[in-house]
Amino acid sequence: MEHFKCLIIGSGPAGYTAAVYAARADLKPVMYEGLEPGGQLMITTDVDNYPGFPVGIKGPELMSQFKEQALRFKTDIRLGRATKVDFNASPKKVWIDEEKEITADTIIIATGASAKWLGLESEIRLRNLGGGVSACAVCDGFFYRGQDVAIVGAGDTACEEAHYLSKLCNKVYMIVRRDEFRASKAMQHRVQNTSNIEILYSSQPVEVLGNQVVEGALIKNSVTGIMRELKITGFFVAIGHQPNTQIFKDFITMDEQGYLLTQPGSSKTNIEGVFACGDAQDKIYRQAITAAGTGCMAALDAERYLASKE
Ligand code: NDP
C-alpha cells in the first residue's frame with residue numbers, strides 16, 4: 001500500500017495552490033485530480049478577475065498554468081477520484097476509484113463545489129458552447145454590459161447576483177419559482193427596490209432560446225400557464241451549489257448544506273492532520289482567488305502539523 005506525507009484531493013485553484021506550497025516545502029504531495037480535473041474554471045470562458053492576468057485568460061488555460069506550476073515543483077498528479085475515506089484509521093486511509101487503498105500523514109481536501117443547474121437541454125447545450133449561460137454573475141456579468149439578462153433563483157445568491165448585474169446591465173429579469181423569495185428580507189428589499197430588476201414570480205424557464213448564443217428565454221407562469229418570451233443575451237442560474245463532500249460526512253464536521261467546517265482563520269478541520277480549502281468549505285466568496293488563498297493556507301497548516309509531530 002502506498003503511503004504519502006501529503007495527499008491532496010481535488011484539482012481546482014485550491015488544490016493546485018496547495019500543491020505548489022506543499023511541494024516547495026518538500027512534503028512530496030500526491031494529488032488525485034477527481035472527476036472533473038481543473039474544477040469549475042474548466043467550464044468558464046473568460047476569467048478577467050484573476051490578478052496577474054491584466055488582459056484576462058480563458059478558464060481552462062488558467063487551470064493548465066496552475067497545473068504546470070504544480071508539476072514544476074514535482075507534484076505527483078494522478079488521475080483518479082477519492083471514493084471513500086477512513087479518518088479514524090492510523091494512518092488515515094483513502095480509497096481511489098473504489099479499489100486502490102492509500103494512506104497519508106496529512107490530507108488536504110480541495111474537492112470544490114458544483115453549481116446546480118436546471119437540467120434543461122437548451123441550458124446545458126448553450127453552457128457547453130460558452131454561449132451565454134453562466135452560474136457566476138461576478139465572473140461573467142461584465143460581458144453583458146448594457147444588455148438585457150435573466151437570472152433564475154430566489155435565494156441570497158440570486159439576489160446578490162441580480163443586484164450585481166443590475167449595475168452593469170440594462171435590464172435584469174429575475175425568475176422566481178414560487179410566489180415568494182427564500183432570501184433574507186434585506187436582500188429581497190434590495191432587488192425589489194432596484195428599478196431595472198423585474199421580478200417574475202411563480203415562473204420557471206422552459207427553454208433557453210438560441211442556437212450558438214443565448215437570444216432569449218421562454219418562461220412559463222405556473223399559476224396562469226401563460227408563456228412569455230424574454231429577449232435576453234445572458235442567462236444566469238443561481239439556484240445553489242452542492243459542495244463535493246459526501247464521502248467525508250462520517251468524519252468531518254459540516255454544516256447542514258454539506259460545507260466542511262474549518263476553525264476560524266485556518267484550514268484545520270475537526271480531524272487532526274486533515275485540512276479543507278476552496279469551495280468545499282466556502283459558501284460565501286467562492287472565487288478562484290479565494291480558493292487559491294485557502295489552498296495556500298492548507299499547505300502551510302499541513303507543513304506546521306508535520307513539523308509539530310517530528
Ligand atoms: P439557496 O439554497 O438558499 O437558494 C436556492 C434558490 O434557488 C431558492 O430560492 C430555490 O427556490 C431556487 N431553486 C432551487 N432549485 C430550483 C429550480 N430547479 N428552479 C428554480 N429555482 C430553483 O442557495 P443560495 O446559493 O442562494 O445560498 C446558499 C447559502 O449561502 C444560503 O445559506 C445563503 O443564505 C448563503 N448566502 C449568504 C449570502 C450573504 O449573506 N451575503 C450571499 C450568498 C449566499 P425555492 O426558494 O423555491 O426553494
Side-chain angles (χ1 to χ4, degrees), residues 40-49 56 58-59 114-183 187-241 286-287:
Q40 293 180 72
L41 279 185
M42 298 301 283
I43 53 158
T44 305
T45 45
D46 298 276
V47 180
D48 272 346
N49 55 5
K58 301 278 179 211
S114 307
K116 292 184 191 162
W117 298 96
L118 297 166
L120 300 172
E121 181 279 325
S122 50
E123 169 205 38
I124 308 293
R125 180 174 48 79
L126 285 161
R127 183 199 74 191
N128 292 343
L129 284 172
V133 171
S134 165
C136 181
V138 178
C139 319
D140 298 327
F142 185 77
F143 304 114
Y144 303 93
R145 269 172 310 161
Q147 301 171 37
D148 292 0
V149 299
I151 182 161
V152 187
D156 282 328
T157 303
C159 288
E160 201 165 75
E161 299 210 336
H163 190 252
Y164 179 86
L165 290 169
S166 74
K167 288 187 274 174
L168 296 168
C169 302
N170 177 54
K171 168 128 194 177
V172 180
Y173 296 98
M174 196 165 182
I175 302 160
V176 175
R177 72 173 167 184
R178 291 183 292 137
D179 60 357
E180 60 178 359
F181 279 89
R182 176 176 296 274
M187 299 294 265
Q188 291 181 34
H189 292 154
R190 199 199 264 187
V191 292
Q192 284 159 343
N193 294 329
T194 302
S195 60
N196 63 340
I197 298 180
E198 181 179 335
I199 303 165
L200 311 182
Y201 289 100
S202 305
S203 296
Q204 275 280 49
V206 176
E207 190 182 347
V208 189
L209 305 170
N211 282 330
Q212 298 294 316
V213 294
V214 173
E215 290 165 11
L218 208 52
I219 310 295
K220 184 177 183 180
N221 184 300
S222 54
V223 176
T224 62
I226 292 172
M227 294 280 202
R228 177 170 171 191
E229 187 179 325
L230 305 178
K231 286 252 167 277
I232 50 163
T233 50
F235 185 82
F236 290 86
V237 179
I239 61 172
H241 283 75
R286 296 196 297 242
Q287 300 299 301

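If you're wondering where the values come from, they're calculated on a predicted model, not measured in any experiment.
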Under 3.5 Å, which donor-acceptor pairs do the side chains of residues 202-210 form with other protein atoms, sequence neighbours left out?
| unit_1 | atom_1 | unit_2 | atom_2 | d |
| --- | --- | --- | --- | --- |
| Ser203 | OG | Tyr201 | O | 2.7 |

Compile the donor-acceptor pairs under 3.5 Å between side chains in residues 133-140 and protein atoms, sequence neighbours left out, one pair per line.
| unit_1 | atom_1 | unit_2 | atom_2 | d |
| --- | --- | --- | --- | --- |
| Ser134 | OG | Cys136 | N | 2.9 |
| Ser134 | OG | Cys136 | O | 3.3 |
| Ser134 | OG | Asp140 | OD2 | 2.7 |

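Thr194 is linked by a side-chain contact (heavy atoms from CB on, under 4.5 Å) to His163, Ser166, Asn196, Ile197, counting only residues two or more places apart in sequence or in another chain. Taking Ala238 as the reference, Ile151, Thr157, Ala158, Glu161 meet the side-chain contact (heavy atoms from CB on, under 4.5 Å) condition, with sequence neighbours excluded. For Thr224, the side-chain contact (heavy atoms from CB on, under 4.5 Å) partners two or more places apart in sequence, or in a different chain, are Asn221, Ile226. Taking Asn170 as the reference, Asp148 meet the side-chain hydrogen bond (donor to acceptor under 3.5 Å, both in side chains) condition, with sequence neighbours excluded. Residues meeting the side-chain contact (heavy atoms from CB on, under 4.5 Å) test with Gln188, sequence neighbours left out: Phe181, Ala183, Lys185, Gln192. When the side-chain hydrogen bond (donor to acceptor under 3.5 Å, both in side chains) test is applied to Lys58, the partners found at least two apart in sequence or on another chain are Asp46.
Not one N or O on the side chain of Glu123 forms a donor-acceptor pair closer than 3.5 Å with the backbone of Trp117.
Pairs passing the salt bridge (charged side-chain N to carboxylate O under 4.0 Å, His left out) check and including a residue from residues 217-230, sequence neighbours excluded, read Glu198-Arg228, Glu229-Lys231. Within the structure, every pair that satisfies the salt bridge (charged side-chain N to carboxylate O under 4.0 Å, His left out) test and touches residues 124-137, not counting sequence neighbours, is listed here: Glu121-Arg125. Evaluation of the ring pair (Phe, Tyr, Trp, His ring centres under 6.0 Å) test over residues 206-226, restricted to residues two or more places apart or in two chains, returns none. For residues 218-240, the ring pair (Phe, Tyr, Trp, His ring centres under 6.0 Å) pairs, not counting sequence neighbours, are Tyr144-Phe236.
Residues Val213 and Thr233 have side chains not in contact (no heavy-atom distance under 4.5 Å, counting atoms from C-beta outward). Leu230 has its side chain within reach of Ile175: a pair of non-hydrogen atoms, C-beta onward, lies under 4.5 Å apart.
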Step by step, work out the side-chain contact (heavy atoms from CB on, under 4.5 Å) result for Met174 and Cys159. CA-CA 9 Å; Met174 196 165 182; Cys159 288; 3.9 Å; yes

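Annotation: the span from Met227 atom CE to Leu218 atom CG amounts to 5.0 Å, rounded to 0.5 Å.
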